[in-house]
Amino acid sequence: MAVMTYLESVRETLRQEMRRDPRIIIYGEDVGVRGGVFRVTEGLQAEFGEERVMDSPLAEAAIVGTAIGAAINGLRPIPEIQFADFIFPAFNQIVEEAARIRYRSNGDFGVPMVVRAPYGGGIHGALYHSQSVEAFFAHVPGLKVVMPATPYDVKGLLASSIEDEDPVIFLEHKGAYRSIRGEVPDERYLIPLGSADVKRQGTDISIISWGMTVNFSLTAAQKLEQEDGVSAEVLDLRTVRPLDVDAILATTKKTGKVLIVYEDNLTGGFGGEVSAIIAEHALFDLDAPIRRLAGPDVPAMPYAPTLEHAFMVTPDKIHDAALNLARF
Amino acid sequence: MARAAVKTKMPKTIAPDVLEDMFYHIVLARALDDRMWILNRQGRAPVVYSSNGHEAAQVASAFALDRGRDWVVPYYRDLALVVAMGMTPREIFLHLLARRDDPNSGGRQMPAHWGLKRLNILTSGSVVTTQMLHAAGLALAAKRREEDTVAVAYFGEGSTSQGEFHEAMNIAAVWKLPVIYFNENNGYAISVPQRKQMAVADVAARAEGYGMPGVVVDGNDPVKVYEVMAAAVARARRGEGPTLVEAKTYRFVPHSSDDDDTAYRSREEVAEHKKSDPVITFETTLRELGLLDDAKVADIRARVKAQVDDATRFAEKAPDPDPETLLKHVYYGD
Ligand SMILES: Cc1ncc(C[n+]2csc(CCOP(=O)(O)OP(=O)(O)O)c2C)c(N)n1
Ligand SMILES: [Mg+2]
């Protein structure tokens with residue numbers, strides 16, 4: 001068992017998986033010699049060669065579109081989109097093609113690929129290097145959308161994503177890359193897609209989140225315990241599609257108060273779906289209205305530190321929203 | 001027929017029985033196509049997309065492949081292509097009528113959205129040009145495994161205005177992929193003529209800008225198409241990379257059964273092009289070569305008609321998809 005960063009966990013998992021499965025290839029912009037702009041794939045080309053770790057032309061539709069063909073023809077491609085903000089040129093390929101190839105061919109063809117993309121803000125990335133894109137893809141049947149919060153989950157979820165027979169959008173938070181550390185077992189393990197994880201037990205209020213904001217929620221929960229005597233449970237969805245509905249309803253029934261926390265802007269964000277599920281299935285278990293804490297409804301995250309900070313969901317904002325709800 | 005009048009030389013590249021087989025598939029595709037329009041006008045087939053006019057180009061391109069081992073990535077225009085690849089008339093009409101046993105999609109897709117793993121025909125959607133990248137990806141996998149198979153993507157000239165045309169041509173050339181881009185240039189994208197689509201005369205001229213050969217070929221001449229394709233396939237198998245082939249062709253019918261082409265092209269123009277209808281001109285060529293005579297042609301036409309009749313009856317009696325299957329095949333194992 002080693003302690004490593006979130007980023008190292010991505011890299012070491014890729015390495016471990018590539019050693020065991022010769023079908024895996026990685027490509028994208030700058031992923032080869034340079035090891036990616038975040039160094040996630042550093043050293044992989046040296047170990048596996050240019051045949052398996054390739055710099056691609058600067059063309060996202062081409063990266064994903066060719067990965068679809070390669071996956072259908074027996075490889076396990078793991079294309080990288082340099083920033084999730086630049087996934088939209090490939091939106092057509094992901095949504096119109098990858099997601100529905102199994103359905104439209106009546107099960108004749110499948111697309112086992114994992115599109116990795118760093119998402120999220122708070123890293124001075126401004127409008128075009130900060131976005132949370134999960135809601136666009138979570139809306140699409142045929143895709144799976146994975147958003148790990150911890151190095152441990154990165155490993156088990158990435159291995160499962162690679163084994164999966166269907167296209168997976170694997171979203172890694174850029175802020176987590178170097179700031180989040182944790183223990184990661186050496187041996188291979190799988191975390192099933194669609195299994196949420198109670199990251200912290202609590203009794204007064206449930207905080208439901210996914211991706212980086214799970215970590216912020218844990219910080220907030222600690223402060224709630226220490227300073228306010230409020231016991232907050234933190235549920236990490238880990239994958240937004242498939243969605244662990246049972247876990248959402250279980251924590252709702254347990255505490256009766258739910259705060260949904262996400263970094264994407266509020267309206268049409270995935271929190272709306274979580275909220276609807278609770279309202280449909282657990283309304284009479286609620287002791288207070290469902291609350292959402294999310295980014296504001298502006299087109300994207302601004303650059304100036306004051307503006308960026310004002311946009312971001314932070315541990316303090318989560319703490320305040322949770323306390324408010326706990327006292328309802 | 002007076003032998004002295006022979007002006008056509010027997011091609012060295014194609015065996016006589018193969019020429020005859022190509023003719024058979026061209027005639028079969030046209031007959032299936034004609035029947036589809038009849039079924040449509042009788043209200044028995046809701047919509048038709050046709051390969052009418054493109055048959056020579058499509059069939060000859062397929063014959064240059066190792067069918068069943070190489071991949072084709074078609075678009076909705078490619079009925080004659082899938083016929084040549086081995087899709088049966090019954091399978092084609094099950095698809096036309098969206099029946100349960102439609103092997104392309106189980107009745108999920110509109111007609112002419114081909115795809116059949118058994119024949120290495122990749123499933124196709126409606127968004128034009130996305131398939132060019134899939135073909136590159138298929139070729140990438142083949143190359144990575146050091147197989148000598150090739151993939152061929154088919155697309156219209158209007159589709160070359162899409163960004164994915166550029167992305168596919170570029171990545172295929174940079175990575176030297178064993179892929180062939182087969183453009184079926186019929187001069188129109190629905191109603192929009194080529195001159196409003198691009199400022200060059202030939203799609204193939206663009207190949208140079210990507211670092212691959214571009215070849216223009218008369219799409220009504222199956223022998224020429226075959227030869228050009230065979231060269232492109234050989235180049236791809238040798239690991240020398242992609243080729244852009246542009247087959248000049250013409251569609252004799254409206255874009256689809258919902259289109260009215262009198263709005264954008266004259267009957268004179270259509271009639272002029274029909275003078276080089278490959279179903280007729282190729283028959284003439286093969287007669288001149290002594291490969292066909294009246295008896296053989298009559299035999300082919302009778303066999304084709306029997307197949308088309310059988311497929312029509314079979315598909316019309318076939319069951320519709322069960323509504324219960326609506327939720328199937330969203331994910332693996334569903
Ligand atoms: C991205 C996209 N835009 C628009 C359409 C609607 N559409 C279907 S076919 C077509 C014309 C295509 O022309 P061309 O590529 O020349 O092929 P042809 O039908 O002439 O063989 C259009 C505009 C589409 N299917 N996909
Ligand atoms: Mg056209």
Side-chain angles (χ1 to χ4, degrees), chain A residues 22-25 27 51-52 54-77 79 89-90 92-113 140-144 163-167 193-194 241-242, chain B residues 71 73 100 102-109 113 115-118 120-127 129-145 147 149 151 153 162-164 166-175 177 179 321 325 327-334:
Chain A
R23 297 173 303 171
I24 297 173
I25 56 167
Y27 58 100
E51 294 285 292
R52 295 185 66 193
M54 308 173 304
D55 288 319
S56 73
L58 203 177
E60 286 74 14
I63 292 168
V64 175
T66 55
I68 290 171
I72 287 171
N73 200 7
L75 297 187
R76 292 274 152 158
N92 187 31
Q93 286 287 348
I94 296 171
V95 173
E96 299 263 41
E97 302 294 333
R100 58 185 74 169
I101 277 177
R102 187 179 299 288
Y103 191 78
R104 80 181 183 208
S105 68
N106 207 25
D108 211 13
F109 295 99
V111 185
M113 68 169 178
V140 181
L143 298 179
K144 298 187 177 180
E163 273 200 0
D164 204 278
E165 295 294 332
D166 291 304
L193 307 185
R241 182 183 272 273
Chain B
W71 282 88
V73 187
R100 182 191 69 192
D102 155 29
N104 294 275
S105 78
R108 289 171 174 208
Q109 294 223 71
H113 287 56
L116 189 50
K117 198 171 179 178
R118 187 187 89 227
N120 278 3
I121 300 171
L122 187 61
T123 170
S124 43
S126 294
V127 185
T129 327
T130 54
Q131 76 274 17
M132 291 187 66
L133 287 162
H134 304 164
L138 294 168
L140 172 64
K143 183 177 167 143
R144 160 95 194 87
R145 282 195 299 267
E147 298 167 3
T149 53
Q162 291 280 340
E164 278 163 312
H166 165 71
E167 293 198 21
M169 294 286 288
N170 185 57
I171 202 166
V174 172
W175 284 353
L177 297 176
V179 63
T325 63
L327 304 182
K328 289 214 182 306
H329 301 304
V330 179
Y331 295 102
Y332 179 76
D334 289 348

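Labels below follow one simple rule: chain letters A, B, ... track the order of the sequence lines, proteins then strands, and each chain is numbered from 1. When reading the values below, keep in mind they use all heavy atoms of this one structure, side chains included, and skip hydrogens, waters and symmetry mates.
- For the atom pair B:Lys117 NZ and A:Phe109 CZ, the distance stands at 7.0 Å (nearest 0.5 Å).
- Between A:Asp108 and B:Leu116 the shortest side-chain heavy-atom distance falls below 4.5 Å.
- For chain A, no part of B:Pro321 is nearby; none of its heavy atoms comes within less than 4.5 Å.
- For the atom pair OG (B:Ser105) and CZ (A:Arg100), the distance works out to 13.0 Å, reported to the nearest 0.5 Å.
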Per-pair distances, 0.1 Å, donor-acceptor, side chain in residues 70-77 of chain A, under 3.5 Å, sequence neighbours excluded:
from, atom 1, to, atom 2, distance (Å)
A:Asn73, OD1, B:Arg145, NH2, 3.0
A:Asn73, ND2, B:Leu138, O, 2.8
A:Arg76, NH1, A:Ile162, O, 3.1
A:Arg76, NH1, A:Glu163, O, 3.2
A:Arg76, NH1, A:Asp164, O, 3.1
A:Arg76, NH2, A:Glu165, OE1, 3.2
A:Arg76, NH2, A:Glu165, OE2, 3.1

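- For the pair A:Arg104 (side chain) and B:Gln109 (backbone), a donor-acceptor distance under 3.5 Å is absent.
- Heavy-atom distances place the side chain of B:Asn170, and not its backbone, under 4.5 Å from chain A.
- Neither the backbone nor the side chain of B:Ala135 has a heavy atom closer than 4.5 Å to any heavy atom of chain A.
- Ranked by heavy-atom pairs under 4.5 Å with chain A, the first of B:Lys328, B:Met132, B:Lys143, B:His134 is B:His134.
- With chain B as the partner, the residue from A:Ala59, A:Ser56, A:Pro22 showing the most heavy-atom pairs under 4.5 Å is A:Ala59.
- Residues A:Gln93 and B:Leu133 form a side-chain contact, since some pair of their non-hydrogen atoms from C-beta on lies under 4.5 Å apart.
- Residues A:Ile25 and B:Leu140 meet the side-chain proximity criterion, which asks for heavy atoms closer than 4.5 Å.
- Contact annotation: the side chain of A:Asn92 approaches that of B:Glu164 to within less than 4.5 Å [non-hydrogen atoms, C-beta and beyond].
- Of the possible donor and acceptor atoms, none in the side chain of B:Arg144 sits under 3.5 Å from a partner among the backbone N and O of A:Arg52.
- For A:Arg102 and B:Tyr332, the positive end is not near the middle of the six-membered ring at less than 6.0 Å and at most 45° from its axis.
- When heavy atoms are compared at a cutoff of 4.5 Å, A:Leu143 approaches chain B solely by way of its backbone atoms N, CA, C and O.
- In this structure, no portion of B:Leu177 lies under 4.5 Å from any heavy atom of chain A.
- At a threshold of 4.5 Å between non-hydrogen side-chain atoms, the residues B:Trp175 and A:Tyr27 count as touching.
- For B:Ser124, the part lying near chain A is the backbone, with the side chain staying farther off; criterion is any non-hydrogen pair under 4.5 Å.
- Annotation for B:Val330 and A:Gly142: closest pair CG1-N, 3.5 Å, computed over non-hydrogen atoms.
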Which is it for A:Glu96 and B:Thr130 under the side chain to side chain contact (heavy atoms under 4.5 Å, CB included) test, yes or no, and what are the steps along the way? CA-CA 9 Å; A:Glu96 299 263 41; B:Thr130 54; 5.8 Å; no

